[in-house]
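Written out below as structure tokens is the structure these notes cover.
First the proteins, then the strands, lettered A, B, ... as listed; each starts at 1. Side-chain atoms are counted along with the backbone in the values below, which use heavy atoms only and exclude waters and symmetry mates.
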Protein chains: 2
Amino acid sequence: MKVSTRGRYALRVMIDLAEHSGGEYIAMREIAARQAISLKYLERILPSLVEAGIIEGVQGKGGGYRLLKQPGEISVGEILRLTEGELAPVSCDSCVGQLPCTRTADCRTKPMWDELKRVINDYLDSVTIEALMKQ
Amino acid sequence: MKVSTRGRYALRVMIDLAEHSGGEYIAMREIAARQAISLKYLERILPSLVEAGIIEGVQGKGGGYRLLKQPGEISVGEILRLTEGELAPVSCDSCVGQLPCTRTADCRTKPMWDELKRVINDYLDSVTIEALMKQ
DNA sequence: ACAATTACCTATTGACATGGTAGGTAATTG
DNA sequence: CAATTACCTACCATGTCAATAGGTAATTGT
């Protein structure tokens, strides 16, 4: 039941970008230094955020990254789903599709896991990067 | 962000015990067979539940396990905390104790993680074994 | 006495995920 | 020409998960 560094680092980058952006591009090297995160490691985390259209990366001298959306319009849930994968506490694919389920007692817990997933996602979707900045 | 088999198995055992108990003791071998879980593996999961006074184990012929509380008085959160450890999405001990925190941006996320933990625990504490049985 | 059963211990294994490190090429831009 | 992202491969060390295996001891009903 842990969120890994991928997701936590991504959040820190988003906050950093939001705080230091006046529209110009920010080199990832700066952020890596500021946040004390390996540049190479960050390099492997960011593409999913670019792909999703949340940030933009520009090559060349003076290039770097920039937010494409307002901090108030980016939710924590969004970032974590992109970097961590689905925020589901249990991956219960084993039951899905094959009915009747072979593990009765196990599937009796499925509605609860589904609801837990909903609770988690609802909360994380309600928090924005902007809200985090104001802490 | 996953709940491991330890917690999931423990829940299945609790449901099984609740369903098959008329006060008598149930051999763990029966449950292992019924739930298709390795007996040896179960043997290592149960002690924490015994220690917490949720179930009782009796040795000797005719012995086995039994619930010590009503299914309606045992919460899922309780079982998972005993078998999985603390249900916190982030173990942010690094900041605690040392002020001022060295990672400003990271700690800006702490209140959110705390709240997420609360949300998760609140939900899981609201669901009882009895409720699961009725699914 | 005997069989059943939990209680408790150690050790090992295979698979997988995590959290990086290292090094390179290509493309783009001021 | 230098800076910078984009994208790639490969590797590694550590830890966790999910068991498996085997044993001893203690307890209990019959």
Side-chain angles (χ1 to χ4, degrees), chain A residues 1-13 17 21 24-33 35-68 80 83-86 88-91 94 103 106, chain B residues 1-13 17 24-33 35-68 80 83-86 89-91 94 103 106:
Chain A
M1 274 300 267
K2 296 292 176 203
V3 170
S4 72
T5 53
R6 279 184 64 85
R8 303 205 307 272
Y9 287 177
L11 281 182
R12 280 161 65 183
V13 169
L17 277 178
S21 78
E24 75 281 17
Y25 295 95
I26 302 180
M28 196 41 56
R29 184 177 303 168
E30 279 182 48
I31 300 186
Q35 300 293 332
I37 300 174
S38 149
L39 176 61
K40 279 294 190 182
Y41 192 37
L42 269 192
E43 214 176 42
R44 295 180 15 171
I45 295 174
L46 293 186
S48 43
L49 300 177
V50 174
E51 205 178 342
I54 295 179
I55 61 177
E56 175 197 17
V58 166
Q59 296 179 329
K61 194 165 185 175
Y65 289 91
R66 192 171 63 167
L67 293 186
L68 280 183
L80 292 183
T83 49
E84 295 276 315
E86 218 194 6
V90 166
S91 40
S94 49
R103 300 187 185 175
D106 198 21
Chain B
M1 272 300 269
K2 298 291 176 202
V3 170
S4 73
T5 53
R6 279 183 64 86
R8 303 206 307 272
Y9 287 177
L11 280 182
R12 280 161 66 183
V13 168
L17 277 177
E24 76 280 18
Y25 295 95
I26 302 179
M28 196 40 56
R29 184 178 303 168
E30 279 182 48
I31 299 186
Q35 301 290 334
I37 300 173
S38 149
L39 177 60
K40 279 293 187 181
Y41 192 38
L42 271 193
E43 214 176 42
R44 297 181 16 170
I45 296 174
L46 294 186
S48 42
L49 300 177
V50 174
E51 204 177 343
I54 295 179
I55 60 177
E56 173 197 19
V58 167
Q59 296 180 328
K61 192 165 187 175
Y65 289 91
R66 192 171 63 167
L67 293 186
L68 280 183
L80 292 183
T83 51
E84 296 276 315
E86 217 194 6
V90 166
S91 39
S94 49
R103 299 187 185 176
D106 198 21

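A sub-4.0 Å separation between OP1 or OP2 of D/dA18 and a side-chain N or O of B/T5 is present. Taking side-chain N and O atoms only, A/S38 has no distance below 4.0 Å to OP1 or OP2 of C/dG20. Proximity of A/S4 to the phosphate of C/dG19: a side-chain N or O atom is located under 4.0 Å from OP1 or OP2.
Counting distance only, with no hydrogens placed and no angle test, the side-chain atoms of A/K2 and the base atoms of D/dG15 include no donor-acceptor pair under 3.5 Å. Contact of A/K40 with C/dG20 (side chain to base): no donor-acceptor pair of N or O atoms is detected under 3.5 Å.
Look at CZ on A/R66: it is 14 Å from P on D/dT5, rounded to the nearest Å. Rounded to whole angstrom, the span from the CZ atom of B/R29 across to the C1' atom of C/dA3 amounts to 11 Å. The nearest whole Å value for the distance from the CD atom in B/E24 to the C1' atom in C/dT5 is 15 Å. Distance, A/I37 CD1 to C/dT18 C1': 15 Å, rounded to whole Å. One atom, OH of A/Y25, and another, C1' of C/dT29, lie 11 Å apart when rounded to the nearest Å. Distance, B/R44 CZ to C/dA11 P: 13 Å, rounded to whole Å. Rounding to whole angstrom units, CE of residue B/M1 and P of C/dA17 are separated by 17 Å. Rounded to an integer number of Å, the gap from CD of A/E30 to C1' of D/dT4 is 12 Å.
Across all strands, B/V58 comes closer than 4.0 Å only to sugar-phosphate atoms, never to a base (heavy-atom distances).
For A/Y41, taking side-chain heavy atoms from C-beta onward, the closest of the listed nucleotides D/dA18, C/dA7, C/dG20 is C/dG20.
Open room surrounds CD on A/E51; 12 or fewer heavy atoms of other groups in view lie less than 6.0 Å from it.
Closest-nucleotide positions on DNA chain D for B/R6 and A/E56 were compared, and the one nearer the 5' end corresponds to A/E56. Between B/P47 and A/E43, the residue anchored nearer the 5' end of DNA chain C, judged by the nucleotide with its closest heavy atom, is B/P47. Nearest-nucleotide positions on DNA chain D place A/K61 closer to the 5' end than the other of B/Q59 and A/K61.
No side-chain donor-acceptor contact under 3.5 Å links B/Y9 and B/S4.
To the nearest 0.5 angstrom, B/R12 atom CZ is 4.0 Å from B/I37 atom CD1. Once rounded to the nearest 0.5 Å, the distance linking CE of B/M1 with OG of A/S91 reads 12.5 Å.
Searching all strands for a Watson-Crick or G-U wobble partner of D/dA18 with both distances below 3.5 Å returns C/dT13. Figure legend. C/dT28 is base-paired to D/dA3; pairs are counted as Watson-Crick or G-U wobble with both atom distances under 3.5 Å.
Looking at A/R6, its side chain does come within 3.5 Å of a backbone N or O of A/T83 through a donor-acceptor pair.
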